[in-house]
Amino acid sequence: DFIKEVSGIRVLEKQLREKLNLDHVVVVPGDSDELPWVKQEMGRACVHYLKSILVSDSIIAITGGTTMAAVAEMMTPLTGSPNCLFVPARGGLGERVENQANTICAEMAKKAKGDYRLLYVPDPLSEKTYQSITSEPSIIEILNLIKGSDTVIHGIGNALTMAERRKASPEQVEKIKQGQAVGEAFGYYFNQQGEIVHKVRTVGLQLEDLSDSQHVIAVAGGESKAQAIASYFKPAKSNVLITDEGAAQKLLREI
Ligand code: G3H
């Protein structure tokens, strides 16, 4: 039975890799919507994958969310790749402190025995504040580290769930609904075709900063996120997906 399960998972990974046109896919057994420990298993799988690609002196940019918190929880010392630096990919996006990239970044670095730098900016930002904040030397310094990161690890969320959790204004929620957004990553909201329908203005990594020379790892699972994951990968923006069986089955069956 165990062999059958493992080979079933391998088939899912291969099918997803082909469907979403990715370099690497890891599917962990179970559905994190139903079993909370499945999220930790995704975290463990992410740490395992990270160790296979990291080199010393890497800069790793990470986002927030409960899945990223699980990655931090499962992190172990990165002994094979010394001097790694962790940075938050973007500002807080209105999340509670435990879900913010800054908090998770510090925790992850501590467990990895690496270093970290934080990004202290209020957000979302008005155009005027955005311009002045991005001309502050200390902010420019950290932004350069973020934009020069060689590895990015991020979550993907359901559009409306994320808008609500981040206390988006009624106007923003309306825009997200009108645009029929289904997925969210990095503060960008995507419709089913993968088009951006809304974007939170904050400093840090912008979608256009992601490049082929980076390892960009998405970690997201649960049957309820299948549509969100598919929307984010429409124009492939990351090359690796760590997910669970719940999301994988649904994505392959219905989307
Ligand atoms: O941007 C996506 C969200 O951070 C995902 O949050 O992992 O708590 O579902 P979550």
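Order of appearance sets the numbers: ligands from 1, and atoms from 1 within every ligand. Values reported hereafter were calculated over all heavy atoms of this structure, with side chains retained and with hydrogens, waters and symmetry mates removed.
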| Are His154 and Tyr232 close enough that their ring centers fall under 6.0 Å? | yes
Residue set satisfying ring-ring contact (aromatic ring centres under 6.0 Å, His included) with His48, at least two apart, ordered chain then number -> none
Open item on the list: Check Glu13 with Arg17, please: is the shortest side-chain N to carboxylate O separation under 4.0 Å?
Closed with: no
Looking at Glu41 and Arg44, is there a salt bridge between them, counting it only when a charged N and a carboxylate O are closer than 4.0 Å?
yes
Residues 145-160 vs salt bridge (Lys or Arg N to Asp or Glu O under 4.0 Å), sequence neighbours excluded, gives Lys147-Asp209
Go ahead and list the nitrogen or oxygen contacts between ligand 1 and the protein that come in under 3.5 Å, distances to 0.1 Å, or just say none.
residue  : atom  : partner : partner atom : Å
ligand 1 : 1 (O) : Glu184  : OE1          : 2.5
ligand 1 : 4 (O) : Gly64   : O            : 3.2
ligand 1 : 6 (O) : Arg165  : NH2          : 3.3
ligand 1 : 7 (O) : Thr66   : N            : 3.4
ligand 1 : 7 (O) : Thr66   : OG1          : 3.4
ligand 1 : 7 (O) : Thr67   : N            : 2.9
ligand 1 : 7 (O) : Thr67   : OG1          : 2.5
ligand 1 : 8 (O) : Thr66   : N            : 2.7
ligand 1 : 8 (O) : Thr66   : OG1          : 2.5
ligand 1 : 8 (O) : Arg165  : NH1          : 2.8
ligand 1 : 8 (O) : Arg165  : NH2          : 3.2
ligand 1 : 9 (O) : Lys225  : NZ           : 2.6

The complete set of salt bridge (Lys or Arg N to Asp or Glu O under 4.0 Å) pairs with one or both residues in residues 181-197, sequence neighbours excluded, reads Arg166-Glu184
